[in-house]
2 protein chains.
Amino acid sequence: MAASTPGPSTSDRILDAALASFAGRGYEATSLDTVARSLEITKQSILYWFPSKDALLEAVIARSAADLSTALETALRGAGEGWARVEAVVRSVFRLAARQPALLGLLREVSRLGPPAATQMTLALEPLVQRASAFLEAEMDAGNMRRHDPRLLLLAIYSTVIGMVTEVEVLRALGEEPTARSLVRRRADVLELLRSALLIE
Amino acid sequence: MAASTPGPSTSDRILDAALASFAGRGYEATSLDTVARSLEITKQSILYWFPSKDALLEAVIARSAADLSTALETALRGAGEGWARVEAVVRSVFRLAARQPALLGLLREVSRLGPPAATQMTLALEPLVQRASAFLEAEMDAGNMRRHDPRLLLLAIYSTVIGMVTEVEVLRALGEEPTARSLVRRRADVLELLRSALLIE
DNA sequence: CAATCTGTCTACCATTTGGTAAGTGGCTGC
DNA sequence: GCAGCCACTTACCAAATGGTAGACAGATTG
């Protein structure tokens, strides 16, 4: 018989469940009791590891921002130059949408919650933002992309991609069921759209 | 001395305050007591006009969907043909963002809440969606716009415009303060982007 | 083996929440 | 002039919430 599986630590399991609930139902709609029950522990165990609900959110954001960063950094590492880098990032986001949708859901939720949660997320992702902004500007300078305010362009790209990936209800309103197959089509569509919107030639 | 001003009815004032709070703080984070206090009435007065918090949300959605519809219908009424119609709609949305931001905020919130709220909003806005989808398809058939799945294209346009208008925290993360002037720049940018993404030639 | 530390649980608690019940003052219609 | 309705209030309430205090079992360490 194998040794009893150690498995993920309690605090990790709490973070997982909290992430899922914050992303899926929202911060306010998430109760510590419910999270605890889903893990078959008591609320007090949660409060042992994280002194308050706010602190739990903070921890979830910290871990998620790190996960998000490494996912994108990894995608960028072997990505080539120019447009290929945009493609790599978009594909990486769609991969996250398929495999860890809660990560993107949390992004949405945090942006809705505003400070201090949003500020924390902002700070944690700032390096990526800087990089992306600088990249877009360089591409424009090189004459590869149409000229825009890089920050507004980044917001537009962000909104489009995140929307295509997280706006499940709007998708349904449009009569498109959010299946895995649909996700692939959306990825193709978004890439094509971005291409014609941004690329010169 | 003038006659005592009649002013808006209590139920309208409740709807106004509830809309603002649902859109700004979120449904779960909104308490009937707080809304009541802000209106200097009691919670029970709210429950007199709307039998439950859910019913209040329902009423807010109904009224907002109607307002949204008429705003867009009006914009479309004297709008010309082809691309001018897209421009008219986008401008109309940005006008709403400046004058009744809560209307767009509610849209976001409802899409986050999912059914049944989202279903109600979907049904109320379906005519607009149908119209937009048919318009896009016709423009593609006429060879004026690049061919895409009209529904996915609509989702992309929706995400971009709504994002540019409601993603205040992301905007801040990008170092752009959400002022009125910024809104005008964002409108110009989004129109330019959509133009190069969609229009052929 | 005693002392301590770790992780979890039981027992509470104050506050807030959506919601009910029962008035109450004023205006309307008969 | 009074019966009745309308709009709104005071008085409650059960449930749920985030959080505190303290006990307890098991491992660790001197």
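Naming: A, B, ... by sequence-line order, numbering from 1 per chain. Just the heavy atoms: all of them, side chains too, but no hydrogens, waters or symmetry mates, feed the values below.
Side-chain nitrogen and oxygen atoms of A:Thr42 include none within less than 4.0 Å of the OP1 or OP2 phosphate oxygen of C:dT8. Listed pair B:Tyr48 / D:dC8 fails the phosphate criterion, with no side-chain N or O lying under 4.0 Å from OP1 or OP2. Residue A:Ser45 places at least one side-chain N or O closer than 4.0 Å to OP1 or OP2 of C:dC9. Using a 4.0 Å cut-off, some side-chain N or O of B:Ser31 falls inside it from OP1 or OP2 of C:dT17. A:Trp49 has no side-chain polar atom (N or O) that falls below the 4.0 Å cut-off from OP1 or OP2 of C:dT6.
Salt bridge annotation for B:Glu73-B:Arg77: absent, with no cationic side-chain nitrogen under 4.0 angstrom from a carboxylate oxygen.
Comparing A:Thr34 and A:Pro51 by the nucleotide of DNA chain D that holds the closest heavy atom to each, the one mapping nearer the 5' end is A:Thr34.
Summarising the geometry, the separation between CD1 on A:Ile46 and P on C:dT10 is reported as 14 Å, rounded to the nearest angstrom. What separates CG of B:Leu47 from C1' of D:dA7 is a distance of 14 Å, to the nearest Å. As rounded to whole Å, 15 Å separates atom P of D:dG18 from atom CZ of A:Phe50. Rounded to a whole Å, the CD1 atom of A:Ile41 is 12 Å from the P atom of C:dT10. Computed from coordinates, the B:Gln44 CD to C:dG25 C1' distance equals 18 Å when rounded to whole Å. Spacing between atom CG of A:Leu56 and atom C1' of D:dG19 amounts to 14 Å, rounded to whole angstrom units. As rounded to whole Å, 16 Å separates atom P of D:dA16 from atom CD of B:Glu28. Rounding to whole angstrom units, CD of residue A:Glu40 and P of C:dC9 are separated by 10 Å.
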query = Would A:Arg147 and A:Asp141 count as a salt bridge (Lys or Arg N to Asp or Glu O under 4.0 Å) if you check the C-alpha gap in whole Å, the side-chain angles of each, and the deciding distance to 0.1 Å?
reply = CA-CA 8 Å; A:Arg147 187 153 287 289; A:Asp141 286 345; 2.6 Å; yes

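A cation-pi geometry, defined here as NZ or CZ lying under 6.0 Å from the six-membered ring centre and within 45° of its normal, holds between A:Lys53 and A:Tyr27.
No side-chain donor-acceptor contact under 3.5 Å links B:Ser159 and A:Glu167. Side chain to side chain, A:Ser182 and A:Glu177 fail the donor-acceptor criterion of an N or O pair below 3.5 Å.
With C:dG19, D:dG19, D:dC8 as the candidates, the nucleotide lying closest to the side chain of B:Lys43 is C:dG19. Comparing C:dT17, D:dT17, D:dG19 against the side chain of B:Asp33 picks out C:dT17 as the nearest.
Across all strands, B:Leu32 comes closer than 4.0 Å only to sugar-phosphate atoms, never to a base (heavy-atom distances). At a threshold of 4.0 angstrom between heavy atoms, the contacts of B:Ser11 with the nucleic acid are absent.
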